Structure formats: C-alpha cells, structure tokens
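These notes concern the structure reproduced below.
In this text the structure is predicted, and so the values were computed from the model without any measurement. All ligand and atom numbering here is 1-based and tracks the order in the structure. Side chains are part of it too, since the values below use all heavy atoms of this structure and drop only hydrogens, waters and symmetry mates.
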Amino acid sequence: MGDLGRPTSFDYIGRVSLINPLAREISAKIVYYGPGLSGKTTSLKYLYSVIKAERRGELVTLATEGDRTLFFDFLPISIERVQEMPVRLQLYTVPGQIFYAATRKLVLNGADGVVFVADSQEAARDNNRLSLQDLEDNLAEMGLDLARFPHVFQWNKRDLPTAMAVATMNAEYNHHGAPAFETCASKGTGVLQALKEISASVVRDLRRRQQGARRAPTGETQLVAEDGLTARLSAVASEAVEEATAPAAAPSLPVPTQPPPASLPARSALAGTGLSFAPLWPGDGAGVERVERHIVAREFATAVRAAAELMALLLDALPGTSGTGGPMARAALLGIDGREYLRLCRLASAPDAALTAEDALFALYLLVSARVKQQAL
Ligand SMILES: Nc1nc2c(ncn2[C@@H]2O[C@H](COP(=O)(O)OP(=O)(O)OP(=O)(O)O)[C@@H](O)[C@H]2O)c(=O)[nH]1
Ligand SMILES: [Mg+2]
C-alpha cells in the first residue's frame, strides 16, 4: 500500500484540546512520534494492556503491513487526576517510515503534546535525527515551536546491547531540556512514566495558555480562540469510558441509498418552537431536520440511521483528505471523540427495537458537533 495521506494542500485544523469548565475535565491529543520501528505502536499496546478496561477504549490500529503502521494507531484513555483535573487523552502514533510524511502531518494536526520515541540503537542515529527534524518542520508549518511545545522523550530499546549512552542521546536530540525516560516498550519499562509526564506538561501548557487568553487584550484573545484553546462547553455530557467496544477493523457508517420516506410530517415538528439545528447547514438543513422530526415522532431507529448517513456524507466531503484512510480516520482527524464515533457506528447497525430516545439524541448531538467542527476548518 502506498502513502495513504498525500493531500496536495495541508490545512491546519486547529488544536482540539479543550477544557470543559462544567465537568472540569481536560481532553487532549498526544502523538507518539519517532522513526520507523522505534517502538511507538509497542508503547501504545503496552498502555492498552496495563490501563484498566474502565479507563480506556479499544486500541484501534488503522492499517498495518506486518508490524509497520501505515496510517495510525489510536487509544483513548482517561486519567483520574492530573494536577487535580480529570483528563481524557487521545493517544495516537504516526507511521515512522520516511515516506509517510503527509500522513504524519495529518496525525500531528491538533496535537497538544508529543512523546518522541527514539530508537537507542547506534544504527538508528540518523533516523532519529531525521524524524526529530521532520517533527520540528511539521510543527513549524503549524506555527508551533518545539521549544515551547509540550514534549518528552522515550529513549527506547534500552535492553539492547547496541544502545547509545543516554548522555549522547540527550546531547543529540534533547535540545530543549525536555523530560526524557529510558524505556523498553516491549517490556513496558518507563512507558507509563513518560505518559504521566507528558500529561502533566500538557495540562500545565493548557492552563498557561488559557490564563493567557483570559488576560490578553481582545486581539490576542482572538488569536488564542482561533487556536482552539478557549474553553468550549460540551453540548452533551461526555460518555463514560466503558462505551468503547471498537470492532477490529476500522468501522464505517452506511452511505445513504434510500430517499427519505414520504410518510414524514410535512413540516418540522419543531416548527413553532424555533428550535432546530438546520441553520447550521445553510441552504441544506433538510437532512438534520429529518433527524429532528424522527426524534419528535419517536422514530428513534430511523433518526439514528438518518444521522449516521449524514455523518457519513459529512466525513466523505471533508476537504484535504481525499484518499486518506477511512471514515474512522477522517472522524479522528476532524477531532471527533473516537469513542463517540464508534458508539454511533454501533448504534447505526443495531436492531431498531434496541434504539432509544437517548441513542437518537446522542446521534443528533454527534452530527451537530461534527458539523460545528467542520465549519471551523
Ligand atoms: N528489544 C526491544 N524491541 C522493541 C522495543 N520496543 C519495540 N520493540 C520492537 O521493535 C519492533 C518495532 O516496534 P513498533 O512498536 O512496531 O515500531 P513503530 O515505532 O510503531 O514503527 P512504525 O509503525 O514503522 O513507525 C517490534 O518488533 C517491537 O517488538 C524495546 O524496547 N526493546
Ligand atoms: Mg507503528
């Protein structure tokens, strides 16, 4: 398989981190970066194996060829407390092989912190350097500077006899005095410590930037807001971690084949209340209105399926991602919570009788949330 993500133009989607002031919860994206075979996927697999099931979702691995990551791995986890705040993290790995440059950019997009996994072996010296340079270049394209960007290092494969001295690695790669950990990802040594440290750095960084936003004069506040950092209220309380039941293959939503049934009420059941999400789709609000009407008519299964179809269309039309991964990958790149997307997939293929009002409202919420994110592109 070739490079899955080779968009001709790269759009910086904006950082997806948010502090939810109601839940007082932080949600952030952390990317495991580094050269091919350095141990990024192994690190995520280890985390998956040791984090309690109720605190993590499924490990989603998007396309691999043997051991090699071709698109990315994804693991959502929640941590009870980092500096007194509950934290939800979306962990991603990039494909390290040099020719997946465009894919790395897409995955890095919106990151709040990086764990750079370097291969300690002498033979990997140049690859580590090139990968670090690649990271710095990609951050620079996003207007970010590694010196001020939360990052930690894993000096991985410390178990191998050909490992370089730690002092050498620090001198060659750790130019900004970031925390560094000696790790052996295949045994798990040091991997949790590195995650803990990057989580703490990300929280500190978010707080610092949010305080900056609060204090800054209007112009600067605006800049920070465009960076996606101002607190945003989550429209619906986020779902619990036990939601995650990802199928092994990348899930997808059904693409619409049927026109809407003719039996629908002629006008929005919400008409008169003035409450509809249709204006979010200027000129084409009929789709979401259909979902709303089905909910009001208590046709919850039809509402869920209509919302899932609209979501599939929305993801399909995402700019700059043609030929990039599947819908799961696009959803992740848009900044949709992986667990929530998987829940919608699951609902869309559930039997009608199993679907409740809550499911339909959730489907509507996720669709609207995706639309808002899409409009922010
Ligand atoms: N000896 C040793 N082997 C390791 C360690 N960490 C990972 N490996 C092995 O190195 C190989 C590559 O690991 P991956 O985690 O797949 O590497 P990756 O960084 O995801 O590679 P790409 O997906 O190509 O970017 C696997 O065979 C792992 O078992 C380690 O600490 N020590
Ligand atoms: Mg990998």
Identity and distance of the protein heavy atom lying nearest atom 22 (P) of ligand 1: Leu37 N, 3.7 Å
Nearest option to atom 19 (O) of ligand 1, as decided by whichever heavy atom of Lys40, Lys187, Gln121, Arg158 sits closest: Lys40
Polar contact flag for Ser38 and ligand 1 (N/O pairs, less than 3.5 Å): yes
Per-atom contacts of ligand 1 with Ala185, taking only distances under 4.0 Å to non-hydrogen atoms: 6 (N), 30 (C), 31 (O)
Mutual orientation of the aromatic rings belonging to His151 and His176 [parallel < 30°, tilted 30-60°, perpendicular > 60°]: perpendicular
Closest to atom 3 (N) of ligand 1 among Pro95, Ala163, Gly36, Ser186 (heavy-atom distance): Ser186
Ligand 1-proximal atoms of Thr69, by part, heavy-atom distance under 4.0 Å: both
cation_pi(Arg129, Tyr173) dist<6.0 Å, angle<=45: no
Per atom 10 (O) of ligand 1, closest listed option by heavy atom (Arg68, Glu182, Lys157, Lys45): Lys157
Interatomic spacing from CZ in Arg343 to CG in Asp359 - rounded to 0.5 Å: 6.0 Å
Arg293 side, atom CZ; Thr302 side, atom OG1 - distance, nearest 0.5 Å: 12.5 Å
Side chain, backbone, both or neither: the part of Leu160 lying under 4.0 Å from ligand 1 by heavy atom: side chain
Numbered atoms and elements of ligand 1 in range of Gly96, under 4.0 angstrom, heavy atoms: 22 (P), 25 (O)
Shortest protein heavy-atom distance from atom 16 (O) of ligand 1, along with the residue and atom involved: Asp67 O, 3.6 Å
Test log, rule side chain to side chain donor-acceptor pair (under 3.5 Å), inputs Ser131 and Asn128: CA-CA 5 Å; Ser131 177; Asn128 291 328; over 6 Å; no
Separation between CG of Asp284 and CD of Glu289, rounded to the nearest 0.5 Å: 10.5 Å
Heavy-atom nearest neighbour in the protein, as seen from atom 13 (O) of ligand 1, with distance rounded to 0.1 Å: Thr42 OG1, 3.3 Å
2.8 Å cut-off met by an N, O or S atom of Thr41 to the Mg ion (ligand 2): yes
Value rounded to 0.5 Å, distance of OH in Tyr46 from OG1 in Thr183: 11.0 Å
